[in-house]
Amino acid sequence: PEEVDIRYINSPFKHLKNMLPKNKGSRFEKITSDVYTKLGYNVEKSNDTSYDRLINKRKCEIKGSTLAKNTDTFSFLQIRPDQNYDVMIFALFYPQELCLLEMDKKMICKHIDANVFKKQHGGNKANSRTYCYYGNKETLLSLGAKEIQ
């Protein structure tokens with residue numbers, strides 16, 4: 001298990017921080033779906049494995065993360081431009097708040113082409129078509145993401 005991150009000791013997201021990575025993804029999706037529903041969006045489960053939820057008829061891929069220990073950044077992994085989604089939702093679980101940011105697929109692809117989103121597997125010479133991004137609310141907003149409130 002990961003060493004305790006003291007920023008999350010009294011956090012409503014403490015349980016997320018302590019979960020095994022395999023379980024976190026589905027939990028991030030569930031919480032994000034619940035928030036969108038409470039905000040008045042129509043949220044449906046996907047019948048397609050290339051996106052997580054249909055939100056107001058948009059195919060949405062959800063990427064969630066808690067802060068990486070000893071940093072002010074989040075890690076968003078397994079970003080796949082070849083999947084069939086319209087929008088990527090970045091769910092940033094800060095110790096005391098949840099921030100939801102959206103970026104359309106065209107913008108995701110633009111940042112992959114500009115090498116802002118980095119190759120995740122095999123380094124620069126590999127062609128896994130899987131990417132990652134390390135950043136926070138401010139960096140994602142500077143890349144054109146839009147905050148959901």
Side-chain angles (χ1 to χ4, degrees), residues 1-112 116-121 128-149:
E2 186 177 324
E3 188 179 318
V4 174
D5 185 335
I6 61 170
R7 298 172 296 181
Y8 285 88
I9 288 177
N10 294 313
S11 168
F13 306 118
K14 177 182 177 180
H15 66 288
L16 289 174
K17 187 70 175 165
N18 296 330
M19 289 177 95
L20 295 173
K22 188 172 183 175
N23 301 326
K24 282 183 182 180
S26 62
R27 203 72 182 129
F28 290 146
E29 291 171 20
K30 173 80 171 104
I31 293 168
T32 301
S33 297
D34 288 349
V35 170
Y36 271 84
T37 299
K38 287 179 178 151
L39 291 172
Y41 290 80
N42 180 36
V43 178
E44 302 170 53
K45 285 193 176 181
S46 171
N47 292 325
D48 183 339
T49 59
S50 64
Y51 65 94
D52 298 313
R53 297 290 187 278
L54 196 61
I55 301 176
N56 283 3
K57 304 297 181 198
R58 299 174 307 153
K59 297 173 187 173
C60 297
E61 178 69 2
I62 299 169
K63 297 294 177 188
S65 181
T66 55
L67 284 167
K69 190 158 174 37
N70 299 321
T71 75
D72 66 346
T73 61
F74 297 85
S75 15
F76 298 101
L77 308 175
Q78 308 293 326
I79 296 171
R80 296 183 177 101
D82 298 333
Q83 287 181 287
N84 181 27
Y85 59 87
D86 303 314
V87 173
M88 183 163 289
I89 298 169
F90 295 94
L92 293 80
F93 290 85
Y94 284 94
Q96 296 302 321
E97 73 173 311
L98 169 59
C99 178
L100 298 174
L101 302 172
E102 292 185 354
M103 188 179 289
D104 66 36
K105 186 174 182 178
K106 183 178 178 183
M107 189 70 72
I108 296 286
C109 292
K110 175 184 169 189
H111 293 311
I112 287 171
V116 174
F117 290 11
K118 306 288 187 187
K119 289 185 176 183
Q120 185 173 340
H121 299 294
S128 69
R129 300 287 296 152
T130 304
Y131 299 85
C132 59
Y133 179 71
Y134 301 95
N136 56 35
K137 177 181 175 179
E138 291 75 22
T139 61
L140 283 164
L141 288 171
S142 75
L143 294 174
K146 293 184 176 35
E147 187 170 7
I148 301 302
Q149 300 191 5

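Here the structure is a predicted model, which means the values were calculated and not measured.
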- Which atom names give the shortest non-hydrogen contact between Q78 and Q120, and what distance separates them? N-OE1, 2.7 Å
- Message: Test your reading of the model: is there a side-chain donor-acceptor pair from D86 to the backbone of K59, 3.5 Å cut-off?
- Response: yes
- Item | Sole residue of R58, K63, K146 in salt bridge (charged side-chain N to carboxylate O under 4.0 Å, His left out) with E102 | R58
- Item | Under 3.5 Å: donor-acceptor pair, side chain of T139, backbone of N136 | yes
- Message: Name the residue from F13, Y8, F74 that meets the ring-ring contact (aromatic ring centres under 6.0 Å, His included) definition with F93.
- Response: F13
- Message: Tell me whether N84 contacts the main-chain N or O of S50 through its side chain, where contact means a donor paired with an acceptor under 3.5 Å.
- Response: no
- Message: Determine whether a donor-acceptor pair (N or O, by modelled atom type, separation under 3.5 Å) exists between the side chain of Y133 and the backbone of H111.
- Response: no
- Please round to the nearest 0.5 Å and tell me the distance separating atom CD1 of I62 and atom OG1 of T32. 5.0 Å
- Query: So how far is it from Y51 OH to I55 CD1, rounded to the nearest 0.5 Å?
  - Reply: 11.0 Å
- Ionic contact status for D104 with K106, cut-off 4.0 Å: no
- All heavy atoms of M103 vs all of I108, minimum pair found to be SD-CD1, 3.6 Å
- Roughly how far, to the nearest 0.5 Å, is OG1 of T66 from NZ of K14? 14.0 Å
- Heavy-atom nearest pair, N42 first then E44, reads ND2-OE2, 3.3 Å
- Tightest non-hydrogen contact, residues M88 and I79, listed as CE-CG2, 3.9 Å
- Message: In the structure I gave you, are the side-chain heavy atoms of C132 and L77 within less than 4.5 Å of one another anywhere?
- Response: yes
- Does atom CG of N47 have more than 12 heavy-atom neighbours from other groups under 6.0 Å away? no
- Message: Give me the atom names and distance for the closest heavy-atom approach of L16 to K24.
- Response: O-CE, 2.9 Å
- Query: How long is the span from the NZ atom in K137 to the CG atom in L92, to the nearest 0.5 Å?
  - Reply: 9.0 Å
- Electrostatic pair E61-K105, nearest N-O below 4.0 angstrom: no
- Centres of the Y41 and Y36 rings: under 6.0 Å? yes
- Message: Check K38 with D34, please: is the shortest side-chain N to carboxylate O separation under 4.0 Å?
- Response: no
- Query: Nearest 0.5 Å, what's the OG1-CG distance between T73 and L67?
  - Reply: 7.5 Å
- Message: To the closest 0.5 Å, what do you measure between CZ (F90) and OG (S65)?
- Response: 11.0 Å
- Nearest heavy-atom pair of S33 and R53: which atoms, and what distance? OG-NE, 2.8 Å
